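A quick note: this is a predicted structure, and the numbers were derived from the prediction, not measured. In each ligand, atom 1 is the first atom listed, and ligand 1 is the first ligand listed. Positions are given from 1 along the sequence.
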Amino acid sequence: MLKKFTGFKKKNIKSEADNTLLDDKNIPKHVAIIMDGNGRWANKRGLPRIAGHREGMNVIRKIVRRANEIGVETLTLYAFSTENWKRPKSEVEFLMRLPEMFLNKELPTLMEENVVIRLTGSKENLPKHTINAVDKAISATKGNDGLILNIALNYGSRSEIIQAVKKVYESLEKEQLPIDSISEEMLNKHLMTGDLRDPDLLIRTSGEIRLSNFMLWQLAYAEFWFTEVLWPDFTEEHFNEAIRVYQKRARRYGGV
Ligand code: FPP
């Protein structure tokens with residue numbers, strides 16, 4: 001349930017969808033979202049699961065605009081996990097069409113809004129049409145400097161960490177470095193997220209309280225916000241609510 005938050009009285013951003021206020025000095029710079037519940041949304045309506053995914057795709061546009069508007073710098077969306085290949089072939093095929101459908105339709109608006117498209121995940125096994133659509137959007141938006149819309153596609157955190165460990169090992173060998181030279185920075189550099197800062201806030205919809213192999217390393221100090229709302233029902237107001245909850249939390253990074 002959404003509660004009206006009336007706390008912050010500083011200089012504020014006034015949102016269109018909700019007249020409660022956000023503290024513009026404390027906007028999370030990187031928000032990551034596990035967009036869950038598309039299948040259940042469709043089941044509840046007697047529709048095929050893909051109808052839920054299509055509706056879920058339509059939510060993305062609004063959340064990208066809102067995130068950009070309030071000053072979020074990076075928005076990562078978990079669109080397809082390495083485990084999602086286990087789904088029925090027809091559902092996987094549809095999920096692989098979604099980035100293309102979204103980007104074909106939204107690219108002009110994303111350009112107007114100065115959004116930068118980025119991909120986190122493995123291109124291995126992705127259909128050519130999906131890779132082409134994403135590559136086209138990445139190259140069209142590479143001169144922009146607004147919100148980074150980072151699409152996590154065919155992404156799995158454990159395999160990402162294993163890849164990074166292998167690269168660290170290779171660089172030690174190549175540069176003849178001692179094992180003690182391994183650092184967080186070194187491993188971080190070899191993750192698929194590379195130069196992106198770690199998420200400050202993780203949102204997961206649909207009432208599931210788990211990470212599902214998503215950014216296990218990068219979420220070490222993130223604040224988590226879980227909601228029962230199914231992703232196709234997620235609105236800008238829910239997004240605002242997540243930000244307000246984030247703004248009430250004291251981040252101590254292990255300190256006091
Ligand atoms: C999880 O819901 C959702 C997904 C596996 C896919 C999410 C993808 C989108 C919303 C669109 C992606 C498009 C772009 C452009 C990034 P679920 O199917 O697991 O739902 P359930 O748990 O209710 O079955």
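Under the 4.0 Å criterion applied to side-chain N and carboxylate O atoms, R40 and E208 are assigned as salt-bridge partners. With respect to K167 and E170, no salt bridge is recorded, no charged nitrogen being found less than 4.0 Å from a carboxylate O. Note on K89 versus E93: salt bridge recorded, some NZ/NE/NH1/NH2 to OD/OE distance being below 4.0 Å.
Applying the ring-ring contact (aromatic ring centres under 6.0 Å, His included) test to every pair with at least one member in residues 79-121, sequence neighbours left out, gives these pairs: F80-W85.
Within ligand 1, counting atoms from 1 as listed, the ones closer than 4.0 Å to a heavy atom of F102 are 15 (C). Atoms of ligand 1 found under 4.0 Å from any heavy atom of G39, numbered from 1 in the order shown, are 17 (P), 18 (O), 20 (O), 21 (P), 23 (O), 24 (O). Taking every heavy atom of A79 and a limit of under 4.0 angstrom, the matching atoms of ligand 1 come to 6 (C), 7 (C), 8 (C), 12 (C), 16 (C). Heavy-atom proximity to P99, at under 4.0 Å, picks out these atoms of ligand 1: 15 (C). Near L95, meaning under 4.0 Å from any of its heavy atoms, are these atoms of ligand 1: 6 (C). Each of the following atoms of ligand 1 lies closer than 4.0 Å to a heavy atom of W231: 10 (C).
Considering both main-chain and side-chain atoms, R49 comes within under 3.5 Å of ligand 1 through a nitrogen or oxygen pair. On a distance-only criterion, Y78 and ligand 1 share no N/O pair closer than 3.5 Å.
Residue-level proximity to ligand 1 for R87 is carried by the side chain, the only part with a heavy atom below 4.0 angstrom. Counting heavy atoms closer than 4.0 Å to ligand 1, residue N84 contributes side-chain atoms (C-beta onward) but none from N, CA, C or O.
For G37, the closest heavy-atom approach to ligand 1 falls below 4.0 Å.
Nearest heavy-atom pair across L103 and A133 is CD1-O, 3.8 Å.
The protein heavy atom nearest to atom 9 (C) of ligand 1 is M35 CE, 3.7 Å. Scanning the protein heavy atoms around atom 11 (C) of ligand 1, the nearest turns out to be L98 CD1, 3.6 Å. The shortest contact between atom 22 (O) of ligand 1 and any protein heavy atom is with R40 NH2, 2.9 Å.
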Quiz prompt | Steps toward side-chain hydrogen bond (donor to acceptor under 3.5 Å, both in side chains) verdict (D200, H30) | solution = CA-CA 5 Å; D200 303 292; H30 184 170; over 6 Å; no

Start with the C-alpha distance between Y155 and M215, add both sets of side-chain angles, then the distance that settles side-chain contact (heavy atoms from CB on, under 4.5 Å), and finish with yes or no. CA-CA 9 Å; Y155 172 81; M215 294 200 163; 3.7 Å; yes

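Inspection of the E160 and Q218 side chains reveals an N or O donor paired with an N or O acceptor under 3.5 Å.
The only option from N154, T130, D135 that meets the side chain to side chain donor-acceptor pair (under 3.5 Å) definition with K123 turns out to be D135.
Nearest-residue assignment for atom 13 (C) of ligand 1 (options V134, N38, I151, I60; heavy-atom criterion): I60.
Residue K62 places its NZ atom among more than 12 non-hydrogen atoms of other residues, nucleotides or ligands, all under 6.0 Å distant.
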